[in-house]
Amino acid sequence: MAEFELARRYLDEQSVESKAQLAARRYAQAEGLPALSPTLGSHLAFLAAATSATQIMQIGTTSGQASCAFHRGAPEATVTSIDDDAERLDQERRSLLQAGHAPAWIRNISGDPRVVLPRMSESSYDLVLIANDLEHIAAHLQHALRVIRSGGSILALNALNSGRVADPARRDPVTNSLRALIREFGRHPDLICSVLPLDGGVLQLTTPARR
């Protein structure tokens with residue numbers, strides 16, 4: 001564990017953040033909201049670039065931390081954020097504008113994601129991020145699989161519930177549900193599943209691209 005922690009600190013120190021990313025993380029910390037590590041921010045930027053994302057969806061928000069990372073990797077992507085908290089949506093917009101994202105490519109939808117997601121178009125997004133809503137993560141993942149394009153990627157933050165999933169003594173409903181989801185997706189014949197031990201765990205899903 002000591003070696004892992006040492007490596008994590010080293011990677012955080014080496015990760016390059018834009019001024020907008022740093023400002024968004026500091027805002028989250030000041031507001032008592034989950035802060036994304038610089039290493040995770042670099043990973044999100046990498047994924048946005050590697051997938052050549054032009055349409056990105058955020059289910060829930062991260063005070064602009066994830067969206068600013070996405071901007072680094074896909075500066076011309078349309079970023080659609082769904083949240084029932086208007087102030088958090090405003091903060092997403094402010095962060096993206098500070099990062100230099102074009103206003104026309106910022107789309108905020110105010111409402112409960114459980115109500116909004118069924119109305120979203122199928123196979124329309126290259127990258128979908130689910131942000132810290134563990135209580136409804138199963139339903140959000142099913143909708144994400146519906147709206148993602150072939151070859152696109154889905155990410156769910158805190159998928160290890162801050163390490164609780166790895167502790168067999170933890171038997172609360174949310175943790176048990178996460179274990180079941182990771183097991184199910186890991187064995188799914190049509191999905192590629194990976195879980196990274198970053199920031200409480202990042203569940204990643206993709207579908208092989210089909211010709």
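The existence of a salt bridge linking Arg88 and Glu92 is excluded, since no basic side-chain nitrogen approaches an acidic carboxylate oxygen closer than 4.0 Å.
In the hydrophobic clustering of ILVMFWY residues, with side-chain heavy atoms under 4.5 Å counting as a link, Met57 and Phe70 come out apart. Both Leu181 and Val195 are members of a single hydrophobic cluster when ILVMFWY side chains are connected at heavy-atom separations under 4.5 Å. A single hydrophobic cluster is not seen to contain both Leu196 and Phe185; linkage of ILVMFWY side chains at heavy-atom distances under 4.5 Å, directly or through other members, places them apart. Cluster annotation: Ile182 is connected to Leu145 through the hydrophobic network of ILVMFWY side chains, with a link wherever side-chain heavy atoms come within less than 4.5 Å. Cluster annotation: Leu44 and Ile82 are assigned to distinct hydrophobic clusters (Ile/Leu/Val/Met/Phe/Trp/Tyr, side-chain heavy-atom contacts under 4.5 Å, transitive).
A donor-acceptor contact closer than 3.5 angstrom is absent between the side chains of Gln29 and Arg26. Counting only N and O atoms by type, the side chains of Ser52 and Asp126 include no donor and acceptor under 3.5 Å apart.
By the 4.5 Å heavy-atom criterion applied to side chains, Gln91 and Glu31 are not counted as neighbours. Using a 4.5 Å heavy-atom cutoff, the side chains of Pro197 and Phe4 are in contact. Between Ser67 and Gln58, some side-chain heavy-atom pair lies under the 4.5 Å cut-off. Inter-residue side-chain proximity for Ile56 and Leu129 is flagged as unmet; no heavy-atom pair is nearer than 4.5 Å. Between Leu178 and Arg164, every side-chain heavy-atom pair lies at or beyond the 4.5 Å cut-off. Between Arg170 and Val165, the closest side-chain pair of non-hydrogen atoms is not below 4.5 Å. Using a 4.5 Å cut-off on side-chain heavy atoms (C-beta onward), Arg25 and Pro38 make contact. In this structure, Leu205 and Cys193 have side chains that are in contact, with non-hydrogen atoms separated by less than 4.5 Å.
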Test Leu11 against Arg8 for side-chain contact (heavy atoms from CB on, under 4.5 Å), laying out the working first. CA-CA 5 Å; Leu11 292 173; Arg8 185 193 65 78; 6.0 Å; no

Test side-chain contact (heavy atoms from CB on, under 4.5 Å) on Val79 and Ile106; report intermediate values, then the result. CA-CA 5 Å; Val79 180; Ile106 303 171; 5.8 Å; no

Please walk me through it: do Glu76 and Thr54 pass side-chain contact (heavy atoms from CB on, under 4.5 Å)? CA-CA 7 Å; Glu76 296 185 357; Thr54 61; over 6 Å; no

Between His43 and Gln204, does the side-chain contact (heavy atoms from CB on, under 4.5 Å) criterion hold? Intermediate values first, please. CA-CA 12 Å; His43 182 65; Gln204 302 182 120; 2.5 Å; yes

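Here the straight-line distance linking atom CG of Leu141 with atom CZ of Arg146 works out to 13.5 Å at 0.5 Å rounding. Rounding to the nearest 0.5 Å gives a distance of 9.5 Å between CD of Gln98 and CG of Leu22. Note that CG of Asn158 is 11.0 Å distant from CG of Asp133, once rounded to the nearest 0.5 Å. Note: Leu134 CG to Leu160 CG = 10.0 Å, rounded to the nearest 0.5 Å. Atom-to-atom distance recorded for Asp12:CG and Ser37:OG is 4.5 Å, nearest 0.5 angstrom. Residue Asn108 holds its CG atom at 9.0 Å from OG1 of Thr61, rounded to the nearest 0.5 Å.
Shown are Arg72, Gln65, His71; of these, the side-chain contact (heavy atoms from CB on, under 4.5 Å) with Gln21 is made only by Arg72. Of the residues Leu191, Asp190, Ile154, the one that meets the side-chain contact (heavy atoms from CB on, under 4.5 Å) test with Thr207 is Leu191.
When all heavy atoms of Ser63 and Ala24 are compared, the pair lying nearest together is O-CB, 3.4 Å. When all heavy atoms of Ala156 and Ile137 are compared, the closest pair comes out as CB-CD1, 3.7 Å. Heavy atoms only, all atoms of each residue included: Leu127 and Ala53 are closest at CB-CB, 4.5 Å. Nearest heavy-atom pair across Gly152 and Thr206 is O-OG1, 2.6 Å. Contact record, Ala28 with Pro34: CB-O, 3.8 Å, taken as the closest heavy-atom pair. The minimum heavy-atom distance linking Gln55 with Ala77 is given by the pair N-CB, 4.5 Å.
At most 12 non-hydrogen atoms from other residues, nucleotides or ligands lie less than 6.0 angstrom from CD of Glu135.
Between the Ser123 side chain and the Arg149 main chain, no donor and acceptor come within less than 3.5 Å of each other. Here the side chain of Ser177 pairs no donor or acceptor atom with the backbone of Thr175 at under 3.5 angstrom.
The aromatic rings of His140 and His136 sit tilted relative to each other, their planes meeting at an angle between 30° and 60°.
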